[in-house]
Amino acid sequence: MNLYGPDQTRNVVLLSHYGAGKTSLAEAMLFTSGAIKRLGRVEDGTTTSDYDPSEIERNMSIGLSLLPQEWKGNKLNLIDTPGYADFAGEVKAGLQVSEGVIIVVCAVAGVEVGTEQVWAYAEEAKLPRLIFINKMDRDNADFLRTLEQIQTKLAARCLPIQLPLGSQSDFQGIIDLVTMKCPAPSSTGADLPTSLQQQVELYREKLIEAAVEADDELITKYLEGEQLSNEEIFRAIKESIVVGKLVPVLCGSALRNIGIESLLDAIYSYLPSPEEKGAIAATNSATGEKEDLSPSAEAPLSSLVFKTIADPFVGKLSYFRVYSGVISSNSQVWNANKSSMERVGQLFISTGKNQQPISQLAAGNIGVVARLNLTTTGDTLCNQEHPVMLDDIKFPQPNFSMAIQPQTKADLDKMGTVLPKICEEDPSLKFHRDTDTNEVVISGIGDNHLEVVQEKMRRKFGVEVRLEPPKVPYRETITVATQAEYKHKKQTGGHGQYGHVFLKLEPLPRGSGFEFTGRIAGGAIPKNYIPAVEKGVNETRQEGVLASYPVVDVKVTLYDGSFHPVDSSDISFKIAGAHALKKGLSQGQPVLLEPIIHLTIIAPEIYTGDIISDLNTKRGRVSGVTLEESNNIIEAQAPYAELLHYAIDLRSITQGRGSFIMNFDHYEEVPSHIKEKIINEQERARKE
Ligand code: GDP
């Protein structure tokens with residue numbers, strides 16, 4: 001491939017609901033543009049985009065893939081993305097480095113939950129877009145029904161620039177509404193069938209009427225009834241698309257490779273190049289000032305790393321987009337986020353799993369580099385003399401957690417090095433060791449996301465792990481004050497053992513922790529034995545008397561006891577302290593405490609009722625609802641034990657449009673009917 005200028009490049013991201021046909025469409029585009037010689041199929045696991053074994057096995061994309069190709073002397077960097085909500089981080093990364101979007105809609109299923117979700121992402125990113133109605137060859141495919149759904153559910157400004165020629169098994173091709181021709185291949189040749197004349201004119205009129213609105217000169221001409229040339233119509237359509245006033249709707253069949261040439265043409269005619277998109281905003285990391293960088297090879301270098309792949313054989317692969325300047329193979333660049341030099345080795349452009357070495361890459365283009373030392377996703381690479389930082393990618397927050405349990409000791413050892421690598425690859429993944437439950441907890445977007453991590457650990461790094469719901473860090477406490485005595489006395493031949501203590505136990509307010517004081521009057525126990533009693537108490541309070549959870553919010557006072565001048569020892573007093581505490585805890589009407597979480601839920605207003613009724617089933621309490629733009633912000637509290645699946649529950653209630661933040665708030669007593677269940681479960685787990 002040649003070195004393309006920013007005027008000859010298009011960076012375009014493919015988005016859709018899962019299964020609408022993005023991967024098949026990407027394959028058909030690669031085939032039509034000549035980048036591949038054989039058309040692969042999703043079913044056979046032979047597509048260029050889904051080459052990862054997990055993707056083939058699951059028949060779904062799980063990571064974005066970069067699919068560069070050439071079309072009529074221009075370069076297209078097509079980015080295929082996963083359609084499943086668990087992998088939204090990849091969609092966000094793809095949107096960040098693109099100037100245009102293609103939204104694929106299935107002609108049978110129409111607008112689905114995921115279509116609305118990706119439409120919302122494209123709106124948020126304010127990117128010009130095309131809609132491609134795919135699967136026009138399938139039984140029950142219906143262009144007009146799908147169009148109507150698009151116009152009512154997405155936006156009325158989505159207008160066809162093509163109509164299908166035939167449908168379902170009779171789908172033959174498309175009719176271009178500007179040229180009024182049927183581009184090959186279509187059995188009818190180039191001219192429009194007379195039976196469709198009227199319908200074509202009707203939709204053409206609607207298109208022109210909408211397009212000329214963006215152009216004062218053309219609107220006057222149009223209103224005065226003057227004939228517009230096709231060039232003028234093309235220009236007006238492009239202007240309206242770029243400013244977001246028009247979203248053209250195209251159609252075809254990825255599987256039968258129909259409508260793909262027209263789609264490639266439409267990308268070049270209607271979506272902006274990096275040059276047309278214009279200057280990119282950055283922050284000078286030396287001065288902190290904002291500046292605009294021109295999208296040209298002559299400008300200072302700015303380049304964003306938007307994806308990192310951990311590969312056990314080639315090491316780390318970093319995908320980057322150059323916004324300004326030129327980056328060369330075997331050079332030194334400045335990582336502005338890490339304030340450090342980074343050595344860049346051989347640069348590549350990648351097509352699925354194949355990579356082609358290149359000597360340099362200029363503004364507007366996307367490439368790959370192996371083994372960057374300190375660079376992670378979201379970092380800007382630039383020149384040290386002109387250090388700049390580009391906007392960060394806003395990845396979705398990881399809110400769904402599972403405990404990760406290694407199968408063997410060897411797996412445990414390897415897990416420590418493999419987990420950081422995998423999390424570095426995907427910023428919507430995080431892990432930490434929970435010191436309360438002593439588990440390693442991994443958090444992601446949903447169950448599929450974490451299953452893929454588990455699979456990746458096994459396949460790529462040979463580490464076998466199980467995923468389990470994380471343990472709830474329950475606590476125990478007492479509800480009434482009490483006193484307990486214990487005398488540890490043993491006579492065994494020589495030296496005996498003797499320790500005798502009186503403890504007072506008092507409940508403390510929630511969140512106070514655990515206190516121990518030794519207040520012995522009149523030397524009933526020598527002072528040097530007090531630390532031993534405290535040790536016994538402290539060790540014992542780690543496992544309470546109800547279900548072996550740590551004891552909190554209790555004040556323990558050692559107030560009396562007795563000793564033996566020969567037989568008393570630290571160990572005897574430690575044992576006495578431990579038993580006295582156990583006794584006291586049992587007498588103090590013990591209860592279980594559970595962590596209560598504060599939730600801030602953000603979702604479109606229409607879902608508020610459903611969110612609140614779901615929270616009621618989860619023992620939740622809503623403390624406030626406020627409206628902000630079109631979203632409601634719901635503040636609530638609920639027990640952590642009820643929220644282990646909340647990321648998935650909220651997604652299904654809000655069709656993927658809700659998000660939430662959760663923070664630990666306080667501990668509260670577990671209601672008695674639930675307490676019994678927890679105690680029984682703990683008992684069972686201990687016996688296993
Ligand atoms: P993605 O999840 O959006 O990437 O969708 P895929 O490309 O994996 O396609 C999902 C399914 O739809 C696969 O079984 C494809 O073979 C099928 N498919 C994709 N495009 C077409 C098409 O144009 N016509 C028909 N009949 N099937 C298609």
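First listed ligand is number 1; within each ligand, the first listed atom is number 1.
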Can you tell me which residue pairs pass the salt bridge (charged side-chain N to carboxylate O under 4.0 Å, His left out) test with a partner in residues 100-113, sequence neighbours excluded? none
With a 4.0 Å heavy-atom cut-off (strictly under), which part of [X] contacts ligand 1: side chain, backbone, both or neither?
X    : answer
L25  : neither
N134 : side chain
S253 : both

Do the side chains of S273 and T9 get nearer than 4.5 Å, heavy atoms only? no
May I ask you to test the I102-F132 pair for a side-chain heavy-atom distance under 4.5 Å? yes
Considering both backbone and side-chain atoms of [X], is one of its nitrogen or oxygen atoms within less than 3.5 Å of a nitrogen or oxygen in ligand 1?
X    : answer
K22  : yes
M136 : no
G252 : no

Does Q96 use its side chain to pair, donor to acceptor, with the backbone of D391 at less than 3.5 Å? yes
Below 6.0 angstrom between ring centroids: does that apply to H449 and F400? no
Would you confirm whether the ring centroid of F306 sits within less than 6.0 angstrom of the ring centroid of F320? no
Residues forming a side-chain contact (heavy atoms from CB on, under 4.5 Å) with P295, sequence neighbours excluded: none
Which is closest to atom 22 (C) of ligand 1 by heavy-atom distance: T81, L255, I260? L255
Can you sort out which atoms of ligand 1 are near [X], meaning under 4.0 Å from one of its heavy atoms?
X    : value
S24  : 6 (P), 7 (O), 9 (O), 15 (C), 19 (C), 20 (N)
D137 : 22 (C), 23 (O), 24 (N), 25 (C), 26 (N)
V42  : 6 (P), 7 (O), 8 (O)
S16  : 3 (O)

In this structure, OG of S443 is separated from CD of Q397 (nearest 0.5 Å) by 10.0 Å
